[in-house]
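Step one of this worksheet: look at the structure below.
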Amino acid sequence: MAGKGNENTGGDFSFSAAAARDALPRITTEKGGKSTDVCHDDTAPRVNFQTIDELHSLQKKRSAPTTPLRDGSASGVSGTSGPTTPVSSETMLQSVSASLASLTRETGPKLIRGDPTSAAKVAHVPVTPRSLPTADVSDSGLKFTHILHNLSPAELYEQAIKYEKGSFVTSTGALATLSGAKTGRSPKDKRVVKDETTEAELWWGKGSPNIEMDEQTFLVNRERAVDYLNSLDKVFVNDQYLNWDPENRIKVRIVSARAYHSLFMHNMCIRPTPEELENFGTPDFTIYNAGKFPCNRFTHYMTSSTSVDINLGRREMVILGTQYAGEMKKGLFGVMHYLMPKRKILSLHSGCNMGKDGDVALFFGLSGTGKTTLSTDHNRYLIGDDEHCWSETGVSNIEGGCYAKCIDLAREKEPDIWNAIKFGTVLENVVFDEHTREVDYTDKSVTENTRAAYPIEYIPNSKIPCVGPHPKNVILLACDAFGVLPPISKLNLAQTMYHFISGYTALVAGTEEGVKEPRATFSACFGAAFIMLHPTKYAAMLAEKMQAQGATGWLVNTGWSGGSYGSGSRIKLAYTRKIIDAIHSGSLLNASYRKTDIFGLEIPNEVEGVPSEILEPINAWEDKMAYEDTLLKLAGLFKSNFETFTSHKIGDDGKLTEEILAAGPNF
């Protein structure tokens, strides 16, 4: 070899093919005592595919039936002799076709199960041939619409990232999305059909969140939404449940145009098992989310291009002109506020947790009062953070997930929420680093109302199933920026009803320099935007259940002490937690109390771990006259707000109404 190399130095530096083969010794292996075979890697089996498409076909195996495959065949368990069918494609498609049927045509649209980009053959709903006048035929009636039914989070991620601009995977694995021009609910554009039944049953008029529309206008908007959805190549369909109480759960169907909306509702509603999905049948309530398409502003009752319409008679909801996903969640909550009381079940806008001994507490409070923070306790099980039912057997969560605010979110302050933002979670309208995809939760560039929607099981101490026994304590939270309410007060039944109907908190007025005057905010039943019936009806049900179960009412001020906002100081969270712990333990039931002036609240003389001087508000104020003036001012605001409810009598004799009025401020 050396000689040959020298012969070519400075000359023709090339080898023949034979010389190249002989340049290096062959590597051989001992086999059967003979050194004759070329060495090969015995660790990898021979491949059983010939093309890259065949390789890709091996990448996906048949899944458990919770995730229907997009080829239209029902998913089965790998290794079985044939695929099982969790949901009969034909049955499901016929049901969805009925949901999407136009009211002006005899049959529903032609549907195919699966992604329109899939090359595989798909099952479709059979349509009975019939002769139609030319006027009844439309382009959408000639085409097939692909149905993506109860897709898994992974499949919805793929759909969102591929087809929906503004969808990204963040550094923690959550799906970041944009809700378009609307980054919050549109309460002024919400309508409820007023018919003979709802006219008598619902709360209408001053203070009510229910703005009327007639049946015909609803049908016009429904037709517009259905025609839009049927014009698309594909729509997403979620069949899910509301209410963890199996005896009183509601079947809901959500038809939407965006993977973001489908994943949001997958997280927020209760996810059916394969067996439940197989026998789902006809839904009790249907949402048509055509939010990417505006309503017709020339339609009667429309005041903008947005309209969120509920028809309780038809058990349907139509969304036009807004892509904000919270409209679906809160729309269904309003429906539960109507349906559950008919079953003598109280629907509540509250947090709920349970101690290790089975003691349940309800937490009511408006934004900024600490409802989420205080109901999330590592020493107690979380039943739910927002929507609940109280029936004859106990409490149950309405939802299957949590919808948490993200603005200024920090791991140190809210570790459970921070850790829940992972794969499967929807992050709405957040801002993130374009390279690392790390979210900046302090950034309000898109909106201050940034949100995370995740399944409740993402919270480590959540109780699954989300049900519990009857509540022992009912805690009403108020962030009193006036600084005159005690940190803790024990309420009698009438006082509990009064403050429940009032739904008080106080906010700091705006962000303009020098403006420090707090502003009182009242929201009946701590959720006026979502209730359907008159507030006194919910209050009467609450009082009845509390009395029957021996529950105690408490008013907890998480706001200011020693002065109003700007002069006093915020009550420390550590003190509030000590107060909540004392409520849970039952120690406050045995404490000694004294009554305050004006509001007539009973306050304990001492609470372990809480400075006694802040328990009586006037003691924490240096300027006693200013305290008295501020107290009278707040009392006047309470009285003025309650005038809306004084004309509504509870019971035949109205005695309970008089007791509730007497439980308010007296001056």
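Throughout, residue positions are numbered sequentially from 1 according to the sequence presented. Remember, it's a predicted structure, so these values are computed and weren't measured experimentally.
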So do Met497 and Leu542 actually touch side chain to side chain, heavy atoms under 4.5 Å? no
Checklist line | Over 12 non-hydrogen atoms of neighbours within 6.0 angstrom of CZ in Arg315 | finding: no
Practice task
Say whether Tyr458 and Asn267, considering side chains only, have a donor N or O and an acceptor N or O under 3.5 Å apart.
Solution key: no
Is it true that atom NZ of Lys162 has more than 12 heavy atoms of other residues, nucleotides or ligands lying nearer than 6.0 Å?
-> no
Do the non-hydrogen side-chain atoms of Lys329 and Glu387 ever get within less than 4.5 Å of each other? yes
With sequence neighbours left out, the residues meeting salt bridge (Lys or Arg N to Asp or Glu O under 4.0 Å) with Glu276 are Arg249
Side chains of Asn243 and Ser396: donor-acceptor distance under 3.5 Å anywhere? yes
Do any N or O atoms from the side chain of Glu164 and from the backbone of Gln159 form a donor-acceptor pair under 3.5 angstrom?
no
Exercise for review: May I ask you to establish whether Lys371 and Phe526 are in a cation-pi arrangement, using a distance under 6.0 Å from NZ or CZ to the six-membered ring centre and at most 45° from the ring axis?
Suggested key: no
Is any side-chain heavy atom of Ile310 closer than 4.5 Å to a side-chain heavy atom of Lys190?
-> yes
Inset, instruction - Say whether, by atom type as modelled, one donor and one acceptor occur between the side chain of Asn311 and the main chain of Val193 under 3.5 angstrom. - result: no
Requested in this report: Taking atom types as modelled, find out whether Ser102 and Glu223 have a side-chain donor-acceptor pair closer than 3.5 angstrom.
Outcome: yes
ask   = Counting only N and O atoms by type, is there a donor-acceptor contact under 3.5 Å from the side chain of Ser167 to the main-chain atoms of Ile161?
value = no
Practice problem: For Thr145 and Lys234, indicate whether the former's side chain and the latter's backbone hold a donor-acceptor pair under 3.5 Å. | Solution: no
- request: For Asn473 and Ala361, indicate whether the former's side chain and the latter's backbone hold a donor-acceptor pair under 3.5 Å.
  value: no
ring-ring contact (aromatic ring centres under 6.0 Å, His included) pairs touching residues 223-242, sequence neighbours excluded, are Tyr228-Phe293, Tyr241-Phe280
Are side-chain heavy atoms of Lys472 and Val360 found at a separation under 4.5 Å?
no
- Would one find more than 12 heavy atoms of other residues, nucleotides or ligands at under 6.0 Å from atom CD of Glu392? no
From the list Asp115, Leu93, Val255, Ile112, side chain to side chain contact (heavy atoms under 4.5 Å, CB included) partner of Ile147 resolves to Leu93
Taking the side chain as everything from C-beta on, heavy atoms only, tell me whether Met213 gets closer than 4.5 Å to Thr299. no
### Query
Checking Lys251 side chain against Thr282 main chain: does a donor-acceptor pair fall under 3.5 Å?
yes
Quiz item: Taking C-beta and beyond as the side chain, do Pro471 and Val395 meet within less than 4.5 Å on heavy atoms?
Solution: yes
ask   = So, Ser262 versus Asn238: side-chain donor-acceptor pair below 3.5 Å or not?
value = yes
Strictly below 4.0 Å, N to O, side chains only: are Glu327 and Lys182 in salt-bridge contact? no
Quick one: do the Asp189 and Ser304 side chains pair a donor with an acceptor below 3.5 Å?
yes
Side-chain touch Tyr301/Glu212, heavy atoms, less than 4.5 angstrom:
yes
* For Met532, does its backbone N or O pair with a side-chain atom of Asn210 as donor and acceptor, under 3.5 Å? -> yes
Partner of Met302 under side chain to side chain contact (heavy atoms under 4.5 Å, CB included), picked from Asn296, Leu320, Asn221, is Asn221
Answer whether the closest heavy-atom distance between the side chains of Ser391 and Asp245 falls below 4.5 Å. yes
So ring-ring contact (aromatic ring centres under 6.0 Å, His included) across residues 174-227, not counting sequence neighbours, yields Trp203-His534
Report task. Could you tell me whether a side-chain N or O of Tyr288 sits under 3.5 Å from a main-chain N or O of Arg222, the two making a donor and an acceptor? Result -> no
task = Compute whether any side-chain donor of one residue and acceptor of the other, for Arg258 and Thr177, lie under 3.5 angstrom apart.
result = no
Q) Counting only heavy atoms not in Glu247, do more than 12 fall under 6.0 Å of its CD? A) no
Parallel, tilted or perpendicular, judged at 30° and 60°: which one describes the rings of Tyr260 and Phe264? perpendicular
task = Examine the side chains of Ser179 and Asn429 and answer whether a donor and an acceptor come within less than 3.5 Å of each other.
result = yes
Return yes if some donor-acceptor pair links the side-chain N/O of Tyr538 with the main-chain N/O of Leu348 below 3.5 Å, else return no. no
- Query: Between His149 and Asp239, does a side-chain hydrogen bond (donor to acceptor under 3.5 Å, both in side chains) hold up when you go through it step by step?
  - Reply: CA-CA 8 Å; His149 182 247; Asp239 285 338; 2.9 Å; yes
Less than 4.0 Å between a side-chain N and a carboxylate O, is that true for Asp309 and Arg314?
no
